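Predicted model, so just to flag it, every value in this text is computed and none were measured.
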Protein chains: 2
Amino acid sequence: MKIRSPRKPKGQGAERREEILDAAQSLFAQKGVHAVSTRQIAEIAGISQPALYAYFATKDDIAAELCVRAFAILGQRMAEARVDYTPTPKNFERCLRVYIDFGLDHPDAYRVAFMLEKSVDGPLSKEKNGLEKTGGKPMAAGKAVFAVFVEMVAEFHARGETVSNDAMAASQVLWAGLHGLVALLIARPEFPWIDREQLIATHVAMLTRGALK
Amino acid sequence: MKIRSPRKPKGQGAERREEILDAAQSLFAQKGVHAVSTRQIAEIAGISQPALYAYFATKDDIAAELCVRAFAILGQRMAEARVDYTPTPKNFERCLRVYIDFGLDHPDAYRVAFMLEKSVDGPLSKEKNGLEKTGGKPMAAGKAVFAVFVEMVAEFHARGETVSNDAMAASQVLWAGLHGLVALLIARPEFPWIDREQLIATHVAMLTRGALK
DNA sequence: AGCATTGTCGATCACCGATAACTTATCACC
DNA sequence: GGTGATAAGTTATCGGTGATCGACAATGCT
């Protein structure tokens, strides 16, 4: 009685949402987020464009949903990287690499979470909750990942093996350092980078050397 | 009622162009690049919207022009920072700070140069020159700044005071590390950062320690 | 004066994200 | 089986966007 049976009237009902997300992910990865229109998504998904808005309030919400899903994968990967983890610089570097590899594997999700332009909305914010717009949920997912860094750094900090005596400061600059490489490789792939593998290795080594004793 | 100026033949070529750039810079700084329309720019500049296209081919070109101008300032600042420069870690850190301060002082220019989404254009590039679109000239200006980093690192490298034995690799990861902090502070100012001054100091110290012996 | 050039504008195009109003299909219930 | 409620999808449309076109006014040159 209370149970609301999942209706599947015309399309596959609940599966529609997945179809939309699949279509959007494919298009986003292919042409970038802002270059994809809702009409294109709808066409791939096999529905009319307004039908999207039965499942997502805005186009950005579609990107946000894809983003949180991708970050769930990152969280999983980093958790795996810390199984049987002993705080050695080698393992430290391994975790940093997981972060970088994830960003390069999911550039669109990464862009939505950390690189997209937010609507600043000065004093004229007409939104109900200006902080929880597009960057809200993805940013929350990003914070969860950041928490892992804090945890990692704290381990070394407790052993007195960090350079900074402020674990939070060390975590934030470490994260920023990682983000820099990922963001630049995503945003400017045509830059004459050196060999990518060497680049990543050098970067991770620099960060580790700069953060740990 | 709207006595919108019937004519504005006053502008003498170059002056109009400056007025447009001034209007755009003001609006970009105020509301972000993608939230500003050509009509808004035109209204502030005191001309009609189509008149913009007599001076700039696209809206992105306006942002690009502002960007290269801003980067000229950065080049100037970094040149000043290297006057009477002796390759000590202290001076090294000072130059890194110049870069960070610039990015935070000109977030819109920085975003256009290094953070904006480029139209990837797979094999179906219908543009005349896919690489010289929005990111073209700003990227060139950015490369000029990057060259200063290469120069700086090369000095230490020649003295055998760099960690990496590849000066180019060291330059690129150093730049990436700097970019990370600037980009994150611009894109996610609402993140619970620690005190900004301490954050920058810690970051610069980490990068220096990670790159120099 | 006459004429070409230049600069500007109103009108307009194709497209965008989002919404309104309407139609259709499915369900719960009697 | 009939009936009303409602979820899901559609067409039509809105205001706004970047960009283009043809007409026209202002200017400079001969």
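In this structure, His179(B) has its ring center under 6.0 Å from that of Tyr110(B).
Scanning all heavy atoms of the two residues, the minimum distance from Val33(B) to Lys59(B) falls at O-NZ, 3.4 Å.
Set against dA19(D), dC9(C), dT11(D), the side chain of Ser48(A) has dT11(D) as its closest nucleotide. Which of dG9(D), dA19(D), dT20(D) sits closest to the side chain of Pro50(B) comes down to dT20(D). The Thr38(A) side chain lies nearest to dG17(C) when the options are dG17(C), dT11(D), dG7(C).
The cationic group of Arg82(B) lies under 6.0 Å from the six-membered ring centre of Tyr85(B) and within 45° of the ring axis, placing it in a cation-pi geometry. Taking the centre and axis of the six-membered ring of Phe56(A), the NZ or CZ atom of Arg17(A) falls inside the cone set by 45° and 6.0 Å.
For Glu43(A) and dC15(C), the CD to P distance is 12 Å, given to the nearest whole Å. Between the P atom of dG10(C) and the OH atom of Tyr53(B) lies a distance of 16 Å, rounded to the nearest Å. The nearest whole Å value for the distance from the OH atom in Tyr55(A) to the P atom in dG9(D) is 4 Å. His34(B) has its NE2 atom 12 Å from the P atom of dT17(D), to the nearest Å. Taking atom CD1 on Ile41(B) and atom P on dG16(D), their separation rounds to 17 Å, with Å as the unit. Between Lys59(A) atom NZ and dA18(C) atom P there is a gap of 8 Å when expressed in whole angstrom units. Summarising the geometry, the separation between CD1 on Ile47(B) and C1' on dA25(D) is reported as 16 Å, rounded to the nearest angstrom. Between Ile62(A) atom CD1 and dG17(C) atom C1' there is a gap of 11 Å when expressed in whole angstrom units.
Counting non-hydrogen atoms under 4.0 angstrom, Ala51(B) reaches the backbone sugars and phosphates but no base. No contact: Leu52(B) has no heavy atom under 4.0 Å from any strand. Counting any heavy atom pair closer than 4.0 Å across all strands shown, Ser37(B) reaches sugar-phosphate atoms only and no base atom.
Relative orientation of the Phe114(B) and Phe71(B) rings is perpendicular, given thresholds of 30° and 60° on the angle between their planes.
Judged by distance alone with a 3.5 Å cut-off, a donor-acceptor contact links the side chain of Arg39(A) to the base of dG17(C).
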